[in-house]
Asker: 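Here it is: the structure, laid out below.
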Amino acid sequence: MRLTQSMCTIAECAPGGEGCPAARPRLVKIAVVGGSGVGKTALVVRFLTRRFIGDYERNAGNLYSRHIQIDGEVLAIQVQDTPGVQIHEHSLDCNEQLNRCIRWADALVIVFSITDYKSYELLSHLYHHVRQMHPGNAVPVVIVANKADLLHIKEVEPQHGLQLANMLGCAFYEVSVSENYNDVFNAFHVLCKEVSKQQTTNSTPERRRTSLIPRPKSPNMQDLKRRFKQALSAKVRTVTSV
């Protein structure tokens, strides 16, 4: 069975439709990156539809969209699937399409397969490339070790992925897309919560007022003395005239 998705083809509801609020939901944009054949498309489709489909057309970098309720809030989730990345002469072979996806995203999932050591070697390179694409911005990143059910052909010990994630300061999830939906959901759930938290913080009225209204300058002492003398002279003139 094959599945090829294009933009918004698996959206389950639109704002204002049955089961969805009339107000526009908060938008969360997530890009999924990693080596070829690590299960990026299967991971995305599993998260958005709960289904596992084991065979896909070649990844063309599709955008998937769906409204999902997380912690009582309906979010408009957009997940950008990306073609596989390779290392060429000790550096990432990243085309402009991938760079646009990374810059577009509010958060990223970096995926590797425990059955492919080369995909594990990409992790550090991809993480630092993401930071270069988002200078000065603490965009949330989660590292996902996929194919945890294939222990008999593993090339990477799961704890190695966890150790690297801890060193990079990322959350880490070991998942089997084919066997467990909950682990997949949890990886995306933590990203959505972090992005929603950042968006709420950046849109508070206090922050907007701080950025838009300049702090008034305190008058210097000479100016205060001048105003006091003017007020005192006016009061003396008023008394004399009476």
Side-chain angles (χ1 to χ4, degrees), residues 2-15 20 24-54 56-71 73-85 94-95 97-113 119 122 126-127 129-130 133-134 137 139-147 170-173 175-178 180-199:
R2 295 182 181 273
L3 172 68
T4 302
Q5 299 287 354
S6 58
M7 179 184 284
C8 300
T9 54
I10 60 173
E12 291 200 336
C13 61
C20 289
R24 179 175 296 179
R26 193 191 307 273
L27 176 63
V28 176
K29 300 175 293 184
I30 301 173
V32 179
V33 299
S36 299
V38 298
K40 298 186 299 296
T41 304
L43 180 78
V44 172
V45 173
R46 182 71 147 151
F47 167 60
L48 294 175
T49 71
R50 294 176 176 262
R51 296 181 298 165
F52 171 71
I53 301 173
Y56 294 87
E57 298 287 353
R58 185 176 181 276
N59 188 340
N62 297 314
L63 179 68
Y64 300 82
S65 177
R66 183 183 169 190
H67 289 83
I68 294 178
Q69 188 174 61
I70 293 181
D71 295 342
E73 179 183 11
V74 175
L75 302 175
I77 308 294
Q78 290 184 351
V79 184
Q80 178 68 59
D81 197 3
T82 62
V85 182
C94 294
N95 56 33
Q97 177 188 3
L98 178 63
N99 290 338
R100 284 198 303 267
C101 293
I102 293 175
R103 285 192 293 263
W104 163 88
D106 298 317
L108 286 103
V109 180
I110 303 178
V111 188
F112 76 98
S113 168
S119 71
L122 284 169
L126 274 170
Y127 175 83
H129 187 67
V130 167
M133 294 291 99
H134 288 269
N137 182 11
V139 56
V141 176
V142 162
I143 292 177
V144 170
N146 190 25
K147 306 187 182 182
C170 302
F172 175 80
Y173 289 87
V175 308
S176 169
V177 172
S178 63
N180 194 319
Y181 166 76
N182 290 332
D183 291 338
V184 173
F185 175 82
N186 289 338
F188 283 91
H189 180 224
V190 70
L191 280 183
C192 291
K193 287 185 65 176
E194 187 61 28
V195 171
S196 181
K197 178 181 176 181
Q198 288 183 352
Q199 291 175 345

Asker: Could you give me the CA-CA distance, side-chain angles and deciding distance for Trp104 and Leu63, then say whether side chain to side chain contact (heavy atoms under 4.5 Å, CB included) is met?
Answerer: CA-CA 12 Å; Trp104 163 88; Leu63 179 68; 3.8 Å; yes
Asker: Taking all non-hydrogen atoms of both residues into account, name the closest pair between Gly34 and Leu126 and its distance.
Answerer: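 Where Gly34 meets Leu126 most closely, the heavy atoms are CA-CD1, 3.8 Å.
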Asker: Taking the side chain as every heavy atom from C-beta outward, state whether Ile77 and Phe188 have any atom pair closer than 4.5 Å.
Answerer: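 No; the side chains remain at least 4.5 Å from each other.
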Asker: With Val139, which of His134, Arg103, Met133 fulfils side chain to side chain contact (heavy atoms under 4.5 Å, CB included)?
Answerer: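 Testing each of His134, Arg103, Met133 against Val139, the sole residue satisfying side chain to side chain contact (heavy atoms under 4.5 Å, CB included) is His134.
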Asker: Determine whether Val184 and Val177 satisfy the following criterion, side chain to side chain contact (heavy atoms under 4.5 Å, CB included), listing intermediate values before the conclusion.
Answerer: CA-CA 7 Å; Val184 173; Val177 172; 4.2 Å; yes
Asker: With no hydrogens and no angle check, is any side-chain donor or acceptor of Gln80 less than 3.5 Å from a backbone partner on Asn62?
Answerer: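 Pair found, side chain donor or acceptor close to backbone of Asn62.
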Asker: Looking at Leu75 and Cys192, what are the two nearest heavy atoms and their distance?
Answerer: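 The pair with the smallest heavy-atom distance is CD1-CB, 4.0 Å.
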Asker: Say you draw a straight line from OH of Tyr173 to CG of Leu191; how long is it, rounded to the nearest 0.5 Å?
Answerer: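 Those atoms lie 8.0 Å apart.
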Asker: Between Ser119 (side chain only) and Ser113 (backbone N and O only), is there a donor and an acceptor less than 3.5 Å apart?
Answerer: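 Yes; judged by distance alone, with no hydrogens or angles, the pair exists.
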Asker: Between the main-chain N or O of Gly35 and the side-chain N or O of Lys40, is there a donor-acceptor pair closer than 3.5 Å?
Answerer: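 Yes.
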Asker: Return the minimal non-hydrogen interatomic distance between Phe52 and Ala42, and the atom names on each side.
Answerer: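 Result for this residue pair: CE1-CB, 4.2 Å.
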Asker: Check for a donor-acceptor pair, side chain of Thr49 on one end and backbone N or O of Val45 on the other, with a separation under 3.5 Å.
Answerer: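 Here the side-chain-to-backbone pair exists.
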Asker: Do the side chain of Thr82 and the main chain of Val32 share a donor and acceptor less than 3.5 angstrom apart?
Answerer: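 Here the side-chain-to-backbone pair exists.
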Asker: Between Gln199 and Leu27, is there a donor-acceptor pair closer than 3.5 Å when you use the side chain of the first and the backbone of the second?
Answerer: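 Between the backbone of Leu27 and the side chain of Gln199 there is a qualifying donor-acceptor contact (under 3.5 Å).
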Asker: Nearest heavy-atom pair of Cys170 and Tyr127: which atoms, and what distance?
Answerer: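 Where Cys170 meets Tyr127 most closely, the heavy atoms are SG-CE1, 3.4 Å.
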Asker: Is it the case that atom NZ in Lys193 sees more than 12 heavy atoms from other parts of the structure closer than 6.0 Å?
Answerer: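 No, not enclosed.
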Asker: Rounded to the nearest 0.5 Å, what's the gap from CD1 on Ile143 to CD1 on Ile110? Could you check?
Answerer: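 Interatomic distance, Ile143 CD1 to Ile110 CD1, rounded to 0.5 Å: 5.5 Å.
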Asker: Under 30°, 30 to 60°, or over 60°: which ring-plane class applies to Tyr181 and Phe185, parallel, tilted or perpendicular?
Answerer: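 Rings of Tyr181 and Phe185: tilted, 30 to 60°.
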Asker: CZ of Arg46 to CG of Asp183: how many Å apart, nearest 0.5 Å?
Answerer: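 Between Arg46 CZ and Asp183 CG, I get 10.0 Å after rounding to 0.5 Å.
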Asker: Does the side chain of Leu43 come within less than 4.5 Å of Asn146's, by heavy atoms?
Answerer: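 Of all side-chain heavy-atom pairs linking Leu43 with Asn146, none is under 4.5 Å.
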Asker: Where is the tightest heavy-atom contact between Lys147 and Gly37, given as atom of each residue plus distance?
Answerer: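 Scanning both residues, the minimum pair turns out to be NZ-O, 2.8 Å.
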Asker: I'd like to check Asn99 versus His129 (side-chain heavy atoms, cut-off strictly below 4.5 Å). Are they in contact?
Answerer: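 Side chain of Asn99 against side chain of His129, heavy atoms only: contact under 4.5 Å found.
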Asker: What pair of heavy atoms forms the shortest contact from Ser36 to Gly84, and how long is it?
Answerer: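 Where Ser36 meets Gly84 most closely, the heavy atoms are OG-CA, 3.4 Å.
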Asker: Given side chains that start at C-beta, do those of Phe112 and Leu122 come closer than 4.5 Å, heavy atoms only?
Answerer: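 SC-SC contact between Phe112 and Leu122 ruled out.
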Asker: Any side-chain heavy atom of Ile30 within less than 4.5 Å of one from Tyr64?
Answerer: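 No, side chains not in contact.
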Asker: In Å and rounded to the nearest 0.5 Å, what is the CD to CD1 distance from Gln97 to Ile102?
Answerer: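 Spacing of CD (Gln97) from CD1 (Ile102) equals 11.0 Å.
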